[in-house]
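Order of the sequence lines sets the chain letters (A, B, ...), proteins ahead of strands, with each chain counted from 1.
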Amino acid sequence: MLDLKFIRANLELVRQAIANKNEKADLDKVLALDDIRRKLQFDFDSLKARQNQVSQEIANKKRNKEDATELIEQMGSVSEQIKQLAAELSDVENELNAILMWIPNVPFKDVPVGKDESFNREVRQWGTKPEFSFTPKDHLEVASQNNLLDMQRGAKITGSGFPVYTGLGATLERALINFMLTFHQQKHGYTEMWVPFIVNRKTMTGTGQLPKLENDMYRVDEEDFFLIPTAEVPITNYYADEILPLDKLPIKMVGYTPCFRREAGSYGKDTKGLQRLHQFNKVEMVRFVHPDESYAVLEEMVGNAEAILQALGLHYRVVELCTADLSFASARTYDLEVWAPGTGRYLEVSSVSNFEDFQARRAGIRFRDADGKVRFVHTLNGSGLATPRTIIALLETYQQADGSFKIPDILQRWIG
RNA sequence: GGAGAGUUGGCAGAGUGGUUGAAUGCGGCGGUCUUGAAAACCGUUAAGGAUGCAAGUCCUUCCGGGGUUCGAAUCCCUGACUCUCCGCCA
């Protein structure tokens with residue numbers, strides 16, 4: 001959520017940001033409602049002040065055993081007006097808030113402006129595409145020959161997009177998660193968190209998934225709960241509505257969760273095998289930092305995610321997203337795309353974003369500055385990494401001529 | 001799932017329907033004293049909003065929502081959560 005005062009002071013900037021992100025929001029309505037809100041607030045405050053004052057007088061009279069009937073009668077109508085104004089004020093505030101919730105974050109100034117993903121900017125590459133003496137197979141074929149995956153029975157149990165990992169495939173999945181968690185915890189200094197996989201509406205709103213993405217998520221209607229689409233949601237909201245002492249920053253948390261995504265309407269495009277799923281596993285890094293540091297930390301976090309791919313020996317590239325590809329809440333995002341030799345494409349395995357104070361304002365995550373001032377923290381998060389496409393890259397990169405595949409040494413200790 | 005108790009400021013913990021934004025203690029910050037520190041003493045210490053150049057003034061908030069009343073932390077209804085006991089269960 002953007003600060004209303006910021007919107008008022010930077011109207012054109014916000015208007016441009018909405019357009020560049022292909023979003024829609026009625027800023028004129030916001031300004032109009034805000035005017036009404038302030039006027040109602042002023043009237044309400046004035047009447048309340050009067051009521052408070054006269055209440056004192058009534059109390060004094062009663063204490064002195066004097067008659068207060070006249071004052072009480074007067075206040076009857078004031079009381080009615082206050083109720084009326086309070087109701088109007090609350091309606092306007094709700095309406096205003098509802099619109100504010102649909103205004104996206106403003107992109108960082110250096111983010112390339114673009115209308116689709118073709119405007120994304122490649123930042124760098126690491127490693128090179130591996131060479132094969134044979135035609136590399138795609139991950140489904142490798143998985144099939146080695147009995148690692150069962151998409152059909154996953155579909156039978158639940159539906160398409162719910163894979164079953166079998167035997168060594170399951171072990172590899174678990175090893176990968178374990179490896180990544182331990183790596184971030186030990187080498188990058190993150191605190192490991194194990195959090196609920198189902199969250200309430202307030203939490204889902206705090207990180208910006210709601211109201212926009214309600215239809216992309218699995219719901220538990222009876223409780224108005226949601227299955228998390230990413231660990232970002234429960235981990236970021238861990239400190240919601242709190243004021244953190246300065247010495248608690250920076251906060252670095254890492255957690256594994258399964259991720260659940262309905263994403264109706266995404267069928268047909270790049271869905272083969274493990275490329276696009278309704279349930280998948282992901283290790284997520286989350287950081288809360290002083291506003292002055294967030295862009296430096298963003299670069300550092302990209303490095304943290306890259307370190308995993310490097311340790312696994314997988315070729316990848318780093319891409320900066322253009323405004324249109326940027327998520328609703330993000331101000332700047334880098335994607336890591338790993339090379340999948342059999343599929344013949346780069347696949348997104350990580351997305352690292354700086355949300356500045358957008359999420360913090362929604363979720364109420366603040367800290368006390370050196371001079372005692374209460375401010376919003378900057379929140380960042382990044383996948384480190386999502387497993388399915390990492391598995392794709394591993395299977396396709398380390399496949400052998402005979403159809404078997406080699407598990408990278410670094411994962412061996414987790415395979416057992 | 002059943003029964004009971006509870007939810008107040010950073011924490012602990014008072015609170016009679018009427019100067020209670022809230023006693024007291026702890027913690028934090030500033031000061032006096034001290035070579036320095038501790039102790040002691042003094043002062044200070046919530047967040048959000050409206051208005052104003054500012055100093056300031058005013059309003060809201062005692063888990064959330066609704067109600068009673070001239071007036072609610074205090075009374076009523078309702079929801080959430082926590083704790084204790086019982087039941088069930090991995």
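For A:Arg38, no side-chain nitrogen or oxygen approaches OP1 or OP2 of B:G49 to under 4.0 Å. In this structure, A:Lys373 does not reach the B:A47 phosphate: none of its side-chain N or O atoms is under 4.0 Å from OP1 or OP2.
A 3.5 Å limit on both hydrogen-bonding distances identifies B:U45 as the Watson-Crick or G-U partner of B:G27. Nucleotide B:C33 is matched to nothing when pairs are restricted to Watson-Crick or G-U wobble geometry with both distances under 3.5 angstrom. Across the strands present, B:G18 finds its partner in B:C70; the criterion is a Watson-Crick or G-U wobble pair with both atom distances under 3.5 angstrom. Base pairing annotation: B:C83 forms a Watson-Crick or G-U wobble pair with B:G4, both donor-acceptor distances under 3.5 Å. Remark: B:U51 base-pairs with B:G56. Criterion, Watson-Crick or G-U wobble with two distances under 3.5 Å.
The CD-P distance, from A:Gln81 to B:C70, rounds to 15 Å in whole Å. The distance between atom CZ of A:Arg361 and atom P of B:G48, rounded to the nearest whole Å, is 11 Å. Here B:G79 presents its C1' atom at 13 Å from CG of A:Asp224, a figure rounded to the nearest Å. A straight line from CD1 of A:Ile243 to P of B:G10 spans 7 Å, rounded to a whole angstrom. In this entry the distance linking CZ of A:Arg8 with P of B:U51 reads 7 Å, nearest Å. Spacing between atom NZ of A:Lys83 and atom P of B:U69 amounts to 7 Å, rounded to whole angstrom units. Rounded to whole angstrom, the span from the CG atom of A:Leu40 across to the P atom of B:G49 amounts to 17 Å. Remark: C1' of B:G18 and CG of A:Asn64 are 13 Å apart, rounded to the nearest angstrom.
Comparing A:Gln56 and A:Met75 against RNA chain B, the residue whose closest nucleotide sits nearer the 5' end is A:Gln56. Residues A:Ile58 and A:Gly372 each lie close to RNA chain B; by heavy-atom proximity, the contact nearer the 5' end of the strand is made by A:Gly372.
The listed nucleotides are B:A47, B:G18, B:G71; the one nearest the side chain of A:Ser79 is B:G71. Distance from the side chain of A:Ile72 is smallest for B:C70 among the nucleotides B:G18, B:A47, B:C70. Side chain of A:Val374, nearest nucleotide from B:A50, B:A47, B:G18: B:A47.
In terms of modelled atom types and a separation under 3.5 Å, the side chain of A:Asp67 and the main chain of A:Thr69 share a donor-acceptor contact. Although no hydrogens or angles enter the test, the distance criterion places no donor-acceptor pair under 3.5 Å between the side chain of A:Thr323 and the main chain of A:Val113. At distances below 3.5 Å, not a single donor-acceptor pair connects side-chain atoms of A:Asn10 with backbone N or O atoms of A:Leu13. Proximity of a side-chain donor or acceptor of A:Thr379 to a complementary backbone N or O of A:Ala360 within less than 3.5 Å is not detected.
At a threshold of 4.0 angstrom between heavy atoms, the contacts of A:Leu71 with the nucleic acid are absent.
Rounded to whole Å, the P atom of B:G36 lies 34 Å from the corresponding atom of B:G56. Taking atom P on both nucleotides, B:G67 is separated from B:U16 by 25 Å, rounded to a whole Å. Atom name P, nucleotides B:A22 and B:U60: the rounded distance is 13 Å, in whole Å. Across the P atoms, B:G25 and B:G13 are found 16 Å apart, a figure rounded to whole Å. The same atom, P, is picked in B:G17 and in B:G27; the two are 34 Å apart, to the nearest Å. Taking atom C1' on both B:A46 and B:G9, the two are 6 Å apart, rounded to the nearest angstrom. Nucleotides B:G10 and B:C53 are separated by 34 Å at their C1' atoms, to the nearest Å. One C1' atom belongs to B:C81, the other to B:G31, and the distance between them is 43 Å to the nearest Å.
The cationic atom of A:Lys252 (NZ for Lys, CZ for Arg) lies less than 6.0 Å from the six-membered ring centre of A:Tyr190 and within 45° of the ring axis.
Using a 4.0 Å cut-off between a side-chain N of Lys or Arg and a carboxylate O of Asp or Glu, A:Arg345 and A:Glu337 do not qualify as a salt bridge. Ion pairing between a basic and an acidic side chain is recognised when a charged N comes within 4.0 Å of a carboxylate O; A:Arg219 and A:Asp221 show such pairing. A:Arg366 and A:Asp241 are not joined by a salt bridge, as no carboxylate oxygen comes within less than 4.0 angstrom of a charged side-chain nitrogen.
Ring orientation note: the planes of A:Tyr239 and A:Phe288 are nearly perpendicular, at an angle over 60° on the 30°/60° scale.
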Contact list (N/O, under 3.5 angstrom) for nucleotides 55-61 of chain B vs protein:
unit_1: B:C59; atom_1: OP1; unit_2: A:Asn52; atom_2: ND2; d: 3.0
unit_1: B:C59; atom_1: O2'; unit_2: A:Asp45; atom_2: OD1; d: 2.9
unit_1: B:U60; atom_1: OP1; unit_2: A:Lys48; atom_2: NZ; d: 3.3

